[in-house]
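All chains are named by letter (A, B, ...) in the order of the sequence lines, taking the proteins before the strands, and each is independently numbered beginning at 1.
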2 protein chains.
Amino acid sequence: MKAPNDIMRRVRDEARRRGVRWTTQRQAIVETFISADEHITVEDLHHRVRAIDRTISAATVYRTVNMLVEMGVATKRHFGSGSATFECEVNKEHHDHLVCTSCGKIIEFHNDAIEDLQVTVAREHGFVISYHRMELYGSCVDCQKQTGAAEA
Amino acid sequence: MKAPNDIMRRVRDEARRRGVRWTTQRQAIVETFISADEHITVEDLHHRVRAIDRTISAATVYRTVNMLVEMGVATKRHFGSGSATFECEVNKEHHDHLVCTSCGKIIEFHNDAIEDLQVTVAREHGFVISYHRMELYGSCVDCQKQTGAAEA
DNA sequence: ATGGATGCAAAGTATTTGCAACCTG
DNA sequence: CAGGTTGCAAATACTTTGCATCCAT
């Protein structure tokens, strides 16, 4: 797990390398995004960023997270319906997701046995894997209780 | 692999059980949806359904696929950005995807060992899985050859 | 200086919903 | 017949984009 400052530097350098200007807005947005080590929507990120600079627009937040995805720093995901969520890929180990289809709760997990099998299966088909995406959808403990009691 | 008629019957019966009326629109939409054994968007499905009944609206297609998801007959997915895609879960065996990031080739596969582990991992977190999504991205045999020779 | 970046608002997509007419059970 | 269902259009929700202004380099 790298320190936030290292990540900021990496992002800024990469931006510079691409001839992208480092504005105060981008500083604030990227900073906030990195600190929020969880899945975050543009709306949420925008909300938090406004604590730093009240004038930053949602459009700029959208433009910035898209830039981060473009740069490989962030990943965009659609969990179920609603807004897309963005996650910083630099300050975290690889992980997959468990998503509760009732309350939307997201749990991250990692399982080496599965990862190994993925590589094996891929190899059987002649593939060399560079990355993967795995999401398990279902009902979390809390929602199981509620459903069990409330079902008609 | 069940025959389309069996699937239709199952869906119709389930609908009836839920007190849902079986209209000619639903017949046409579900029929078309089942025949299209692939991921399909509402727009695409609507387009195909209009071949049967020109007057069916997109709103009804949306309402119907949502009903199918609700009934557990279909699955809704977001591949990247754009429209959601729906897939019939009844007329196919479950499978996951291997996607070549160079040529876009998609190979379907199934691996029981992985599926078992997924259930196990989920259980460890108190989840009961209803479905999952797993996509392995990488390079297929053909593209591996080409990359080795053509890379700049 | 210069052209990329921003804020705003308007435009675009994707999907849902209110409503009166309509049809299934 | 009753009330669920439909088409239509308007409404939402989410995201992108045109443009004049602004600012990092």
Side-chain angles (χ1 to χ4, degrees), chain A residues 8-9 11-33 39-47 49-50 52-71 74-86 104 152, chain B residues 8 11-33 39-47 49-71 74-86:
Chain A
M8 277 305 294
R9 194 175 312 123
V11 174
R12 211 181 50 232
D13 290 350
E14 175 64 14
R16 202 163 275 159
R17 199 182 67 72
R18 293 175 178 239
V20 169
R21 291 180 185 169
W22 200 250
T23 62
T24 55
Q25 289 90 336
R26 281 180 178 160
Q27 170 74 29
I29 294 168
V30 174
E31 204 170 278
T32 306
F33 178 64
H39 297 269
I40 190 172
T41 62
V42 166
E43 185 183 7
D44 191 358
L45 181 54
H46 182 213
H47 187 78
V49 163
R50 287 169 79 92
I52 299 176
D53 180 346
R54 185 55 59 94
T55 71
I56 291 178
S57 69
T60 297
V61 178
Y62 272 107
R63 284 189 275 237
T64 302
V65 292
N66 284 339
M67 178 193 79
L68 292 176
V69 170
E70 185 76 18
M71 286 170 48
T75 302
K76 178 180 185 176
R77 288 198 173 87
H78 271 288
F79 287 119
S81 49
S83 317
T85 60
F86 293 82
Chain B
M8 278 304 295
V11 175
R12 210 181 51 232
D13 291 350
E14 175 64 14
R16 201 164 276 159
R17 197 182 69 71
R18 294 173 177 240
V20 168
R21 291 182 183 169
W22 200 249
T23 63
T24 54
Q25 288 92 333
R26 283 179 176 159
Q27 170 74 28
I29 295 168
V30 174
E31 202 172 278
T32 305
F33 179 64
H39 296 269
I40 190 172
T41 61
V42 166
E43 185 184 6
D44 191 357
L45 181 54
H46 182 212
H47 186 80
V49 163
R50 287 170 77 93
I52 299 176
D53 180 345
R54 185 54 61 92
T55 71
I56 291 178
S57 71
T60 298
V61 179
Y62 273 107
R63 285 189 274 235
T64 302
V65 291
N66 284 340
M67 178 193 79
L68 291 176
V69 170
E70 184 78 18
M71 285 171 49
T75 302
K76 178 179 185 176
R77 283 179 202 189
H78 271 288
F79 282 121
S81 48
S83 316
T85 60
F86 293 82

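Whole-Å rounding puts the B:Arg16 CZ to C:dT24 P distance at 13 Å. A:Arg12 has its CZ atom 10 Å from the P atom of D:dT25, to the nearest Å. The separation between A:His46 atom NE2 and D:dT16 atom C1' is 15 Å, rounded to whole Å. Nucleotide D:dG4 holds its C1' atom 12 Å from the CE atom of B:Met67, rounded to whole Å. Atoms CZ (B:Arg26) and C1' (D:dT6) sit 9 Å apart, rounded to a whole Å. The CD1 atom of B:Ile29 sits 10 Å away from the C1' atom of D:dT6 (whole-angstrom rounding). The distance from atom CD1 of B:Ile56 to atom P of D:dT5 is 15 Å, rounded to the nearest whole Å. One can place CG of B:Leu45 at 12 Å from P of C:dT15, the figure rounded to the nearest angstrom.
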Next item on the list: Dump the intermediate steps for side-chain contact (heavy atoms from CB on, under 4.5 Å) on A:Phe86 and A:Asn66, then the final yes or no.
Entry: CA-CA 9 Å; A:Phe86 293 82; A:Asn66 284 339; 4.3 Å; yes
Next item on the list: Any chance you could lay out the side-chain contact (heavy atoms from CB on, under 4.5 Å) test for B:Arg26 and B:Val20, step after step, and finish with the verdict?
Entry: CA-CA 10 Å; B:Arg26 283 179 176 159; B:Val20 168; 2.9 Å; yes
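Minimum atom distance to the side chain of A:Tyr62 is reached by D:dT16, of the listed D:dA9, D:dT6, D:dT16. Distances were taken from every side-chain heavy atom of A:Ser57 (C-beta onward) to each of C:dG7, C:dT6, D:dT5; the shortest belongs to C:dG7. Across D:dT15, C:dT24, C:dG7, the shortest atom-to-atom separation from the side chain of A:Gln25 is found for C:dG7. Looking at the side chain of B:Arg21, the nearest of the listed nucleotides C:dT16, D:dT16, C:dG25 is C:dG25. The side chain of B:Thr24 approaches C:dT24 more closely than any other nucleotide in the set C:dG7, C:dG4, C:dT24.
The shortest side-chain heavy-atom distance between B:His46 and B:Glu43 does not fall under the 4.5 Å cut-off.
Across all strands shown, A:Ala84 has heavy atoms under 4.0 Å from sugar-phosphate atoms exclusively, and none from any base.
Listed pair A:Thr23 / C:dA5 fails the phosphate criterion, with no side-chain N or O lying under 4.0 Å from OP1 or OP2. Remark: A:Arg63 is not in phosphate contact with D:dT16, judged by side-chain N or O atoms under 4.0 Å from OP1 or OP2. Using a 4.0 Å cut-off, no side-chain N or O of A:Asn66 falls inside it from OP1 or OP2 of D:dT15.
Here the OG1 atom belonging to B:Thr32 is positioned 8.0 Å from the CD1 atom belonging to B:Ile40, to the nearest 0.5 angstrom.
With B:Gln25 as reference, B:Ile56 is the one residue of B:Ile56, B:Thr55, B:Val30 to meet the side chain to side chain contact (heavy atoms under 4.5 Å, CB included) rule.
Between B:Ala59 and B:Gly19, it is B:Gly19 whose nearest contact on DNA chain D lies nearer the 5' terminus. Where A:Val20 and B:Trp22 each meet DNA chain C at their nearest nucleotide, the meeting point lying more 5' is that of A:Val20.
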